[in-house]
Amino acid sequence: MATARASSTRRLRGLKNISWLSGRQLDRLSNGLTVSMAEKRAIIFDEKHSPDSAYILLAGVARITCRNRKGQRTLVIMVAPGMIPGFPPPVPGISYNFRCEAVTVCRIGAVELETFIEISLGVASADFRRLAASYLGRWDLVQLRCANFMSCTLEERLALILLELCENFGVPDPKGVRLTLPARHRDLAELVGASRPRITEHLIMFEKRHLISRNRRQLVVNRERVEAFLSQAHIVSDDAALRASAS
């Protein structure tokens, strides 16, 4: 029993956004989790589930989707193992119908939010802020992405999404940062708001310009080149705006 508990604690310690918890806290969290499996494409939880529960992705890849204004379900965030972001507060008169879905077979741990906070609050205030950021997820990134996308070309939007995926799913590679999840053209298309054929065209162009490459079937992002491309695009955009204002 002690060996199994230690093994469970080690697995939790390996999860990026809760690894800052102490060993004692991880032990308590491990004991409090209700663990279940979710098959590929299954709904892990949605807005009908209790908002008083916290969910931890122990293994696998998940995603959060919502309904857009046309009623179509669209991808919002890809979720790596760790604490799954909670949904944002509802907006009166608007139904986004958020839900968390399994992209692969997933192992999920669930715990009462009150219990999770009680376990975690015996830490410094900086650690509590990390907890809040983990629970609320990176909705700030989604908002910034939407704001930035308004003035970006499709290739700039795709470059920004590739950098965002590097943060959560990237591992070092001799040619840059290798994405550990399949970079499906359909998913990238949903994230940038474009058609799949257009994304395929731009990925081919990115590969010719050595912004990306392939390591077997995984995508490798050359972060330095992508960041340089975005920086140059920003300069060109600013120059164009200055010329327009001068005329």
Side-chain angles (χ1 to χ4, degrees), residues 1-38 44-45 49-64 76-89 98 100-145 160-173 176-181 221 223 227:
M1 182 68 71
T3 302
R5 186 183 302 114
S7 176
S8 178
T9 300
R10 282 196 300 271
R11 283 196 294 269
L12 288 175
R13 185 176 289 113
L15 301 179
K16 185 176 180 180
N17 60 6
I18 61 172
S19 60
W20 52 271
L21 290 174
S22 69
R24 178 175 174 274
Q25 289 169 315
L26 290 171
D27 281 338
R28 293 182 61 195
L29 179 58
S30 177
N31 292 333
L33 287 178
T34 299
V35 179
S36 61
M37 300 296 294
I44 297 172
F45 66 96
H49 287 73
S50 170
D52 296 324
S53 293
Y55 296 87
I56 298 174
L57 182 60
L58 301 172
V61 176
R63 67 180 196 164
I64 293 177
V76 181
I77 298 177
M78 296 295 294
V79 182
M83 192 168 186
I84 300 177
F87 300 148
F98 286 102
C100 180
E101 307 166 345
V103 176
T104 65
V105 175
C106 292
R107 190 163 176 261
I108 310 296
V111 64
E112 289 293 322
L113 184 58
E114 182 178 355
T115 300
F116 187 77
I117 292 175
E118 192 276 326
I119 289 172
S120 303
L121 276 181
V123 296
S125 60
D127 289 337
F128 174 69
R129 285 194 294 271
R130 291 179 193 151
L131 164 65
S134 298
Y135 180 66
L136 295 175
R138 298 314 309 271
W139 293 103
D140 55 335
L141 283 180
V142 177
Q143 292 171 336
L144 286 171
R145 183 201 307 160
L160 287 168
I161 282 298
L162 290 175
L163 291 179
E164 185 177 321
L165 291 175
C166 284
E167 290 297 320
N168 288 324
F169 298 96
V171 296
D173 184 273
V177 179
R178 177 166 50 86
L179 300 182
T180 58
L181 83 165
V221 180
R223 289 199 59 153
E227 289 171 354

Exercise for the section: Could you check if a side-chain atom of E164 sits within less than 4.5 angstrom of a side-chain atom of I161, using non-hydrogen atoms only? Expected result: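 Result yes, sub-4.5 Å side-chain heavy-atom pair found.
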Exercise for the section: With the side chain counted from C-beta on, respond yes when M78 and V61 share a heavy-atom pair under 4.5 Å apart, and no when they do not. Expected result: yes
Residue pair [X] / [Y]: nearest heavy atoms and the distance that separates them:
X    : Y    : value
V111 : G32  : CG2-O, 3.8 Å
R13  : S19  : O-CB, 3.1 Å
I44  : A62  : CD1-CB, 3.9 Å
L15  : P81  : CD2-CB, 3.7 Å
V79  : L57  : O-CD2, 3.6 Å
S53  : E112 : OG-OE2, 4.1 Å

Practice task
Check the pair L33, L12 against side-chain contact (heavy atoms from CB on, under 4.5 Å), reporting the backbone distance first and the verdict last.
Solution key: CA-CA 11 Å; L33 287 178; L12 288 175; 4.1 Å; yes
Could you grab the distance from atom [atom1] of [X] to atom [atom2] of [Y], nearest 0.5 Å is fine?
X    : Y    : atom1 : atom2 : answer
S30  : R10  : OG    : CZ    : 11.0 Å
L165 : L160 : CG    : CG    : 11.0 Å
L58  : M37  : CG    : CE    : 9.5 Å
D173 : L179 : CG    : CG    : 10.0 Å
K16  : M83  : NZ    : CE    : 16.0 Å
C100 : R63  : SG    : CZ    : 10.0 Å

Fill in the blank from the handout: Those residues at least two apart in sequence (or on a different chain) that pass side-chain contact (heavy atoms from CB on, under 4.5 Å) with S36 are I108
Practice task
Could you pull out all residues at least two apart from E227 that satisfy side-chain contact (heavy atoms from CB on, under 4.5 Å)?
Solution key: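 With neighbours one apart ignored, the set is L163, R223.
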Handout entry: Option passing side chain to side chain contact (heavy atoms under 4.5 Å, CB included) with I56 (candidates I84, N17, L29)
Key =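 In the set I84, N17, L29, the residue that makes a side chain to side chain contact (heavy atoms under 4.5 Å, CB included) with I56 is L29.
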Problem - Plane angle bin for F45 and Y55 - parallel if under 30°, tilted between 30 and 60°, otherwise perpendicular - result: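 Aromatic pair Y55/F45 classed parallel.
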